[in-house]
Amino acid sequence: MSVNSNHQENKKICCIGAGYVGGPSMTMIAYKCPNLTIEVVDIDEKRIEAWNSENLSNLPVYEPGLSDIIKKVRHKNLFFSTNVKEAIASADIIFLSVNTPTKIKGVGSGKASNLEYLERSVREIACYSKGHTIIVEKSTVPVKTAETIKSILFSYLSKDSSNLKTYSIISNPEFLSEGSAIKDLESPDRVLIGGDDIEAVNQITDIYKKWVPVEKIIKTNLWSSELSKLAANAFLAQKVSSINSIGVICEETGADINEVAKAIGSDSRIGQKFLNAGPGFGGSCFKKDILSLVYICNFYRLDEIAKYWENVINLNDWQQDRISKLIIQKLFGTIQGKKIAIFGFAFKANTNDTRESPAIKISRNLILEGAHLNIYDPKVNEEKIETELRHSLSSSVNKEFKSTWVKNNSIEDSVKDADAVVILTEWLEFSEIKWKHLVGLMRKPSWIFDTRNILNKKDLEDLDINIWINGQDLKN
Ligand code: NAD
Ligand code: UGA
């Protein structure tokens, strides 16, 4: 059937899952397609309340530029609610943006994706949808998940022969990065749409065509689309582990990781992006998606391939432990009772997300060695830090847990009497610090550990402080 732009007129969209993907991606669609009405639903009442908050600094997701667009579309053609059933019933298109974390128990525990949230949503669609519905996988899922979705939906249809419900399943993985979500959504490198039903693929294409050039919209089959998402994250994470591995060699040999990154990145086949040495990758997806890939490899008995990808994660874990040990070693082998200022708790700059942040493991390691942490992050609140640290220290937490760290509201407060500053997130304000004054507030001999490689050693040369910068040989 031929396609025309009327496809979109007055269509209703429901997005299940109002998280880091559902919220921003639907905001962008609502903004670019005023003819569509979008309802983003979630079972988490607090999250929905926050999305509806009049005070835009209370939105549950911090993304530069997000609140400006929310202001324009919310309560016009974008709505947030907990009315899952009603939103499904009235939708022509349903985006699934629920979380797909790693399983923590049962078969495949520690590797396979936990699809319980996705399955629950699909069952709800089976119960409440009406007429023909296009279901779009936006969540990251293992290859062949569309088949599972079809089986669940089909099983409901077969129970009721008078049922007039029909479905098309489309894979449309999301490639946005946190911290630059709005920019990524507004001008994506590509939009990937996988599916066998050409009519449905075209309907989803029509949405994106409103602002994405057609040559950037890639149409493919379901399985290629699902696998491409996992593969893209695996490649990106591999690039981070690779540069981190080279950074360690730099420290041993006198090479400088910035110079090496520039030299290798100038090869257009390698590219300059994603070559920043750091404390290891964090975020909710790289580790989980590689683990999912590893599980798929194991399932197909591709053990060598599984091992290859698993090593990307092993190197990442090792890097976090290496940095923790290095801090302890430089502080004379003991940090018992010492104050350490942690600069940044988010897994990267420009986000309030702390999931899998390297700051969690490194902070945990330092607390277990007896340090007292003064934690400062411009966007992460105390409650989040507490949850992450409590969880990571679970078996070791005792009554004194709260006295092992404190959340500071300013950089200055966090460095008072500290023996060391550890920069863990590359927030712009950390590269703009005037160190002279701060160094004066610290206990001597004091240290700066720059795991993000954002400081310029020349600027700090005259200060009475020791410096370690990731991937640089400073002969300290
Ligand atoms: P998230 O945890 O921030 O949000 C998921 C939301 O789904 C939660 O608010 C949860 O309450 C809700 N939910 C779960 N089950 C539900 C149900 N049955 N009905 C209604 N709501 C339900 O997760 P996220 O970061 O937005 O990620 C979502 C998916 O997108 C994951 O598969 C992830 O891998 C993928 N992804 C994430 C990013 C990212 O930057 N975070 C980028 C690309 C892809
Ligand atoms: C990543 C991908 O970049 C997105 O394309 C993808 O959609 C998303 O995962 C997902 O599926 O969730 P995100 O995790 O938000 O996005 O952030 P990245 O910019 O990829 O950074 C991931 C981690 O790698 C961060 O901890 C970051 O600090 C680290 N990193 C990144 C480095 O240490 N060095 C680099 O050069 C780049």
Side-chain angles (χ1 to χ4, degrees), residues 14-26 40-48 50-51 60-61 63 80-85 87-88 95-102 113-125 137-142 145 172-181 184-185 188-190 229-230 232-237 239-244 247 257 261 265 271-289 292 316 319-320 344 346-351 353-359 424-426 451-453 470:
C14 161
C15 172
I16 307 182
Y20 283 85
V21 165
S25 63
M26 293 303 123
V40 187
V41 293
D42 206 293
I43 41 175
D44 183 337
E45 286 177 19
K46 265 177 115 181
R47 216 165 199 187
I48 290 298
W51 279 114
V61 170
E63 278 295 337
F80 292 94
S81 84
T82 52
N83 304 327
V84 179
K85 182 177 162 184
I88 290 175
F95 283 86
L96 290 168
S97 297
V98 296
N99 38 329
T100 51
T102 305
S113 297
N114 175 357
L115 295 180
E116 65 174 291
Y117 307 103
L118 188 106
E119 181 173 336
R120 181 171 158 186
S121 304
V122 173
R123 286 181 190 277
E124 280 171 328
I125 295 171
E137 292 172 346
K138 194 156 256 315
S139 300
T140 304
V141 291
T145 298
N172 170 222
E174 184 49 64
F175 293 100
L176 68 80
S177 290
E178 289 181 28
S180 57
D184 297 341
L185 288 165
D189 285 347
R190 79 315 211 171
K229 173 63 199 176
L230 294 181
N233 273 357
F235 266 62
L236 289 168
K239 209 169 175 188
V240 176
S241 279
S242 296
I243 199 69
N244 284 340
I257 193 64
Q272 295 287 356
K273 291 182 184 167
F274 254 70
L275 287 181
N276 299 320
F281 56 76
S284 60
C285 295
F286 278 180
K287 185 170 177 183
K288 130 179 124 57
D289 292 346
S292 175
N316 199 56
Q319 172 78 335
Q320 294 170 23
F347 80 96
K348 62 184 279 196
N350 297 322
T351 178
D353 197 347
T354 56
R355 290 176 290 180
E356 298 290 338
S357 175
L424 290 177
T425 313
E426 73 285 20
T451 72
R452 290 285 182 173
N453 223 301
N470 194 359

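These numbers were taken from a predicted model, which means no experiment stands behind them. Indexing begins at 1, ligand by ligand and atom by atom, following the structure's order. Start at 1 with the first residue, then count along the sequence.
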Counting only heavy atoms, tell me which of [options] gets closest to [atom].
atom	options	value
atom 29 (C) of ligand 1	D44, L230, V98, V61	V98
atom 28 (O) of ligand 2	E426, R355, R452, E178	R452
atom 18 (P) of ligand 2	K239, K348, K288	K348
atom 23 (C) of ligand 2	A346, G283, G282	G282
atom 29 (C) of ligand 2	F281, F347, Y20	F281

[X] heavy atoms, cut-off 4.0 Å: which ligand 2 atoms fall inside?
X	result
K229	6 (C), 7 (O), 10 (C), 11 (O)
E174	7 (O)
L275	36 (O)
L236	2 (C), 3 (O)
C285	10 (C), 11 (O), 12 (O)

Ligand 1 N/O within reach of [X] N/O, cut-off under 3.5 Å:
X	result
T100	yes
K288	yes
T140	yes

Is [X] touching ligand 1 with its side chain, its backbone, both, or neither, if touching means heavy atoms under 4.0 Å apart?
X	answer
S177	neither
S139	both
R355	side chain
D353	neither

Nearest 0.5 Å, please: how far is CD in E124 from SG in C14? 9.5 Å
Per-atom contacts of ligand 1 with [X], taking only distances under 4.0 Å to non-hydrogen atoms:
X	result
I16	19 (N), 20 (C), 21 (N)
K229	43 (C)
S121	17 (C), 18 (N)
E178	39 (C), 40 (O), 41 (N)
Y20	3 (O), 24 (P), 25 (O), 26 (O), 41 (N)

Return yes when atom NZ of K287 has more than 12 non-hydrogen atoms of other residues, nucleotides or ligands closer than 6.0 Å, and no otherwise. no
Any side-chain donor near an acceptor of the partner, K288 and T100, under 3.5 Å: yes
Top protein contact for [atom], by heavy-atom distance:
atom	answer
atom 11 (O) of ligand 1	D42 OD1, 2.6 Å
atom 7 (O) of ligand 2	L176 O, 2.7 Å
atom 1 (C) of ligand 2	F286 CE2, 3.4 Å
atom 15 (N) of ligand 1	Y117 CB, 3.5 Å
atom 38 (C) of ligand 1	V21 CG2, 3.2 Å
atom 20 (O) of ligand 2	F274 CZ, 3.1 Å
atom 30 (N) of ligand 2	V240 CG2, 3.8 Å

For the residue pair R190 and F175, would you count it as a cation-pi contact if the rule is NZ or CZ under 6.0 angstrom from the ring centre and within 45 degrees of the ring axis? yes
Between K138 and the options L96, N172, I16, the side-chain contact (heavy atoms from CB on, under 4.5 Å) test singles out N172
Run the contact test for K273 against ligand 2 with a 4.0 Å cut-off on heavy atoms, strictly below, and give the result. no
Between E63 and L185, does a side-chain contact (heavy atoms from CB on, under 4.5 Å) hold up when you go through it step by step? CA-CA 12 Å; E63 278 295 337; L185 288 165; over 6 Å; no
Please check whether [X] reaches ligand 2 - meaning an N/O of the residue sits under 3.5 Å from an N/O of the ligand, judged on distance alone.
X	value
N276	yes
P358	no
F175	yes

Once the angle between the rings of W51 and F80 is folded into 0 to 90°, is it parallel (under 30°), tilted (30 to 60°) or perpendicular (over 60°)? parallel
Please determine whether a side-chain nitrogen of the Lys or Arg among D353 and R355 lies less than 4.0 Å from a carboxylate oxygen of the Asp or Glu. yes
Lys/Arg-Asp/Glu bridge criterion (N-O < 4.0 Å) met for E116, R120: no
